[in-house]
Amino acid sequence: MMITPTGLAALVLCIPLLAIIAHLFVKNHFLLRQIVQLLAITSMLVVTISLLILFNKPIVIQAANWPAPFGISFVFDNFSRFMLVIFSIVTACISLYSFYELEGQKATQNYYLGYWLLFLGISGAITTGDLFNLYVWLELILISALLLLQCSIRNNKEVMFNYALINICGTLLMLLSIALIYAKTGTLNFADIARHLNQLSNDETLPIFLLLFLSMSLKGGLFPFYFWLPTSYPTPHISCTTLLSSLTTKAVMLIMLRLICLFKPFHTVTFTTTLVLMSLATMLLGVMGAAIRFDFRKILSFHVVSQLGYIALGLAIKTPLAIVGALYFLIHNVFTKTTLFMVSGVVEKSYGTGSLNKLGSVATRNKSLAIVFFISAFSLAGFPPFSGFWGKYILIKAALNQHYYTSATLMILVSVMTLFSMNKIWQYAYYRSKTTTRRVDPTKMGYYAPLGIGILLVLALFMGIYPDSILNYLSTIAKDLSHPTIYINTVLIGVRT
Amino acid sequence: MPLFALCAAILISISVFLLLQENIIRKLFGTLILSSTLSYIILICGRLNNKAPAFVSNNSHNLSNPLPQAMILTAIVIAFALIAYLSTLIRQILFINMKNSRKES
């Protein structure tokens, strides 16, 4: 039996669905849940990696064989396939970590349902080629995020209400902009919209597309709308926080990248200026928010916001180099931020607190944890041998090439401030000698958590030491993305093999 | 057409007003009205000029647009689920608040 490319690509959307159904049957049994989870995530890894390696040409699934502008198309080009691989690696590590964290916790039996629903939403949202379908996937992501928060927040329901309300308003705004785009162009397919926009003037369409961008930035956590992010991320279990921080906002950024490259109104000066200002404000305010917090998780959550600003700046500059920088930074950030959150989770679980005032001398008591934290933190701050350096270096170089001197200066300033707050965590939690905090069960770490953290750390280190391995691939992706005609022809005319 | 747009504007302003209130029940009603208004806007965006039902009669001109109906159906289902979820969440919040205030008194 031959495996067709479209069949293999459809598996990316089928495996999460099957995993959800399987998890419904084994909800009450922890060991069976682990087995189902391992099977599902391994098959997901195999499918996404083989999609990346076996095929060079983009794969387009036309749903129910309706030709492109009429039906819904799912586009697995190099960009979405590569991102699916990255996301499935990270989620695999998160599920390893969740075996450690969620063991013996009754309330979290719905966690894996939310996990696979989120993965389904992400893979759909990245690959879809239809604007209304994108809205449906984003709603799915929102529902699964709510499910994840529900199974790990006990008392603080107001946080969930705020998260739900703000995100519902974001998706409704997006629906409004989709309706207006439909009224203006008469189609919902990305490629077809991009083709129709060439016949319309930018003045007509810019307000609608600004509305689309604003709703996306509300979901992605950019400057005026980032306030929901640092309040909701520190509260749930780390397994949920890492999923949300590494998947939801990053996926919205990736969709934004695709839309910005495709649609003509996003190439105007007005839009670029707006996005540059928003991203700079996001960077600065995120890192400033982290500077005054004194809790491990809260500091990290504010840094999530700050780093979204870097990615958005890459999207604003929009040269191929900047796109490479933004993607590299995104991947680096997914790896290291997840590692840092996991380290904070391990520290919290073994010392009973995440407050920097109470923690102390973790470095002497738990050396391997300190080394992992040190590497990831300095990678986040952008020190040369680590991956963060290359991301920031490429972004700054792209900014200087396009004469964004202020942005480049601010990027350097923000990374110094990142170093400051990482140093604060190091100083208080790890370095200072304070042995009064109790240590709960030092030996019960198991194999799963160190394995998950270790894989992510090795990948991040590899990215830092051999950046060429990934940069070459990213530059072909950026070249494809910056020529929208390639995408349009792939979807509308079909792939010539 | 201007009348439809005016209706949409009034409905949206009502929902935004309700969303900006402090009471969470009013926020819920705000999202409810906003989501219904958006269905209405999608309907207008699909053009209302045509009279004959699509796929029923054989004459191929003056058919109504079937796509907005499909979109509205999807949007209604999603909005219904989210609003049902929000109302249970509000119930839990009010319950917790009631318990806390009883403890204090």
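What's counted below: heavy atoms across the whole structure, side chains too, no hydrogens, waters or symmetry copies. Remember, predicted model here, so these are calculated numbers, not experimental data. Chain identifiers are assigned alphabetically (A, B, ...) following the order of the sequence lines, protein sequences preceding nucleic acid strands; residue numbering begins at 1 within each chain.
In this structure, chain B has heavy atoms under 4.5 Å from both the backbone and the side chain of A:Leu172. If you measure heavy-atom distances from B:Ile44 to chain A, you find no contacts under 4.5 Å at all. When heavy atoms are compared at a cutoff of 4.5 Å, A:Phe161 approaches chain B by way of both its backbone and its side chain. Neither the backbone nor the side chain of A:Ile178 comes within contact range of chain B; no heavy atom of the residue lies under 4.5 Å from a heavy atom of that chain. Both the backbone and the side chain of B:Ile42 come within less than 4.5 Å of a heavy atom of chain A. Interface residue A:Glu139: only side-chain heavy atoms are found under 4.5 Å from chain B.
In this structure, A:Tyr112 and A:His23 have parallel ring planes: the angle between them is below the 30° cut-off, well short of the 60° mark.
Heavy-atom contacts from other residues, nucleotides or ligands closer than 6.0 Å to CG of B:Leu6 number more than 12. Counting non-hydrogen atoms of other residues, nucleotides and ligands closer than 6.0 Å to CG of B:Asn23 gives a total above 12. Around the NZ atom of B:Lys27, the shell of radius 6.0 Å holds more than 12 heavy atoms that belong to other residues, nucleotides or ligands.
Side-chain N/O atoms of B:Tyr85 and A:Gln150 include a donor and acceptor closer than 3.5 Å. Between the side chains of A:Tyr182 and B:Asn65, at least one donor N or O sits under 3.5 Å from an acceptor N or O.
Side-chain atoms of A:Asp130 come within 3.5 Å of backbone N or O of A:Asn133 as a donor-acceptor pair. No side-chain donor-acceptor contact under 3.5 Å links A:Trp66 to the backbone of A:Ala63.
Under the ring pair (Phe, Tyr, Trp, His ring centres under 6.0 Å) criterion, A:Tyr226 pairs with no residue, sequence neighbours left out.
Interface residues of residues 183-222 of chain A toward chain B, defined by a heavy-atom distance below 4.5 Å and sorted by number: A:Ala183, A:Leu188.
Of all the listed residues (B:Ile83, B:Ile96, B:Ile78), the one sharing the greatest number of non-hydrogen pairs under 4.5 Å with chain A is B:Ile78.
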